[in-house]
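Just so it is clear, the model here is predicted, and its values are computed rather than measured. Every chain is numbered from 1 and lettered A, B, ... according to where its sequence line falls, protein lines coming before strand lines.
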Number of protein chains: 2
Amino acid sequence: MTISEVSKKYDISTDTLRYYERIGLLPHVPRTKSGLRDYDENSCKSVEFIKCMRNAGLPIEALIEYMTLFKEGDSTAEARMAILIEQREALISRIEEMKSTLSRLDRKIEMYKGICSPGCCGKK
Amino acid sequence: MTISEVSKKYDISTDTLRYYERIGLLPHVPRTKSGLRDYDENSCKSVEFIKCMRNAGLPIEALIEYMTLFKEGDSTAEARMAILIEQREALISRIEEMKSTLSRLDRKIEMYKGICSPGCCGKK
DNA sequence: TCTTGACATGGAGTTAACTCCATGTGATAA
DNA sequence: TTATCACATGGAGTTAACTCCATGTCAAGA
């Protein structure tokens, strides 16, 4: 797949895809004879994984660490798992925080509805 | 309350507190005769609200709009509510996204545990 | 052969949200 | 009265994560 196809498929700009590669987040993508990127299934999977993790707010730094260990082979499984566990914890607490903010927002919105309900909207 | 007390209480740097004020996010904080900030209950409530919303990822821009409308009085209630509803929607979808990433992480971690379980850690 | 269009690279620029800094002031402790 | 100290202000600098740009190459259509 060309870079623009991957860009469309995952809704990530080509600039960002190249950026991910040069900072070592996305493992080297295969090239055609003339040097163009030719994403294979592995590359696509990585892109998809990165997109998912980034959208959930995992920092690029942690993802680079993870991907780097990955390239280093099976012996790094332990360390990779540690990263995932750490990020999992962080994610859980962000979700909790967001949920409580959400219910606060809900209450606030209900209040606004209340203000506007019995009378203020005029009776005919 | 002095700025440093508020800073400790809400765990927000004094720089950030002043920053919020100058960008119009935090309504003007009362001052002492000599010009020092002297946070009253209202100011504190605003700080707490902002902190909560920011931690959940609401953009400063939206919060400024909200606060600005607030200052403009009751006639803006409708518009304020609209902002809250909009942000609520955004928050919900972020939470959903994060939850699905969380379960993906969970599965991945289970996989790592699996790899390491029956045998690889040596018997004895 | 010439032109066009997608892509490559290295490096600079942007955005959001702070964070830091230089300089100045008023209240208080020594 | 002098030295601190917390605080004030305006403006510059930082960080993460992109995004944009100038310049160059290559393959394919006119």
Side-chain angles (χ1 to χ4, degrees), chain A residues 1-40 43-44 46-47 49-68 87 90-91 94 97 101, chain B residues 1-40 43-44 46-47 49-68 87 90-91 94 97 101:
Chain A
M1 282 182 110
T2 70
I3 192 166
S4 60
E5 283 163 350
V6 174
S7 165
K8 262 162 219 152
K9 179 164 181 189
Y10 297 105
D11 193 33
I12 299 178
S13 77
T14 58
D15 266 317
T16 299
L17 286 170
R18 281 188 282 256
Y19 165 70
Y20 283 167
E21 204 177 334
R22 76 173 139 176
I23 63 175
L25 173 53
L26 190 60
H28 186 74
V29 173
R31 308 303 178 103
T32 66
K33 249 169 290 182
S34 56
L36 305 201
R37 286 172 181 81
D38 181 22
Y39 291 76
D40 59 9
S43 298
C44 286
S46 296
V47 169
F49 174 70
I50 292 167
K51 177 181 179 169
C52 175
M53 296 299 141
R54 286 291 305 129
N55 283 350
L58 301 233
I60 280 192
E61 198 50 42
L63 296 175
I64 290 178
E65 267 187 77
Y66 181 81
M67 289 308 219
T68 303
Q87 293 304 319
L91 187 50
R94 263 181 285 143
E97 188 152 34
T101 299
Chain B
M1 282 181 107
T2 69
I3 192 168
S4 58
E5 284 164 349
V6 174
S7 165
K8 264 162 217 153
K9 180 165 180 188
Y10 296 106
D11 194 34
I12 298 177
S13 79
T14 58
D15 267 316
T16 299
L17 287 169
R18 281 188 283 255
Y19 166 70
Y20 282 168
E21 203 177 334
R22 77 173 136 174
I23 62 174
L25 174 52
L26 190 61
H28 187 74
V29 173
R31 307 303 177 105
T32 66
K33 248 168 289 179
S34 55
L36 305 200
R37 286 173 181 80
D38 182 22
Y39 291 77
D40 60 8
S43 298
C44 285
S46 296
V47 168
F49 174 70
I50 292 166
K51 179 184 177 165
C52 175
M53 296 299 140
R54 286 292 302 129
N55 284 350
L58 301 233
I60 281 192
E61 198 50 42
L63 296 174
I64 291 178
E65 267 187 77
Y66 181 81
M67 290 307 219
T68 303
Q87 292 305 317
L91 187 50
R94 265 180 284 143
E97 187 152 33
T101 299

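We find that CD1 of A/Ile64 is positioned 16 Å from P of D/dT15, with the value rounded to whole Å. Atom CD1 in A/Ile23 sits roughly 14 Å away from atom C1' in D/dT15 (whole-Å rounding). C/dC7 atom C1' lies 5 Å from atom CG of A/Leu36, rounded to whole Å. Computed from coordinates, the B/Lys33 NZ to C/dT28 C1' distance equals 15 Å when rounded to whole Å. For B/His28 and D/dA8, the NE2 to P distance is 11 Å, given to the nearest whole Å. A/Glu21 has its CD atom 16 Å from the C1' atom of D/dC18, to the nearest Å. Residue B/Met1 contributes atom CE, which lies 17 Å from atom P of D/dA6 at whole-angstrom precision. Atoms CG (A/Leu17) and C1' (C/dA6) sit 15 Å apart, rounded to a whole Å.
Across B/Met1 and B/Asp38, no two heavy atoms sit closer than the pair N-OD1, 3.0 Å. Heavy atoms only, all atoms of each residue included: A/Arg94 and A/Ala56 are closest at NH1-O, 2.7 Å. Here the shortest heavy-atom pairing between A/Ile64 and A/Leu25 reads N-CD1, 3.8 Å.
If B/Asp38 and B/Arg22 are placed on DNA chain D by their nearest nucleotide, the residue sitting closer to the 5' end is B/Asp38.
Nucleic acid contact for A/Arg18: base, since at least one base atom lies under 4.0 Å from a heavy atom of the residue. Residue B/Thr14 is classed as having no contact, given no heavy-atom separation below 4.0 Å to the nucleic acid. Within 4.0 Å of B/Ser4, counting heavy atoms only, lie sugar-phosphate atoms of the nucleic acid but no base atom.
For B/Arg54, the side-chain atoms get nearest to C/dC18 when compared with the rest of C/dG26, C/dC7, C/dC18. Closest approach to the A/Arg31 side chain among C/dA17, D/dA17, C/dA8 is made by C/dA8 (side chain taken as heavy atoms from C-beta onward). Among D/dC7, C/dT9, D/dA17, the nucleotide with an atom closest to any side-chain atom of A/Tyr19 is D/dA17. Between C/dC18, D/dC7, C/dC7, one nucleotide has an atom nearer to the side chain of B/Ile3 than all others, and that is D/dC7.
The phosphate of D/dA17 (OP1 or OP2) has no side-chain N or O of A/Tyr20 nearer than 4.0 angstrom. Dashed line: the shortest gap from a side-chain N or O of A/Thr2 to OP1 or OP2 of C/dC7 is under 4.0 Å. OP1 and OP2 of C/dA17 both lie 4.0 Å or more from every side-chain N or O belonging to B/Thr16.
A donor-acceptor contact under 3.5 Å is formed by the side chain of B/Asp15 with the base of C/dC20.
Heavy atoms of other residues, nucleotides or ligands lying less than 6.0 angstrom from CG of B/Asp40 number more than 12.
Using a 4.5 Å heavy-atom threshold, the side chains of A/Gln87 and A/Leu63 count as separate.
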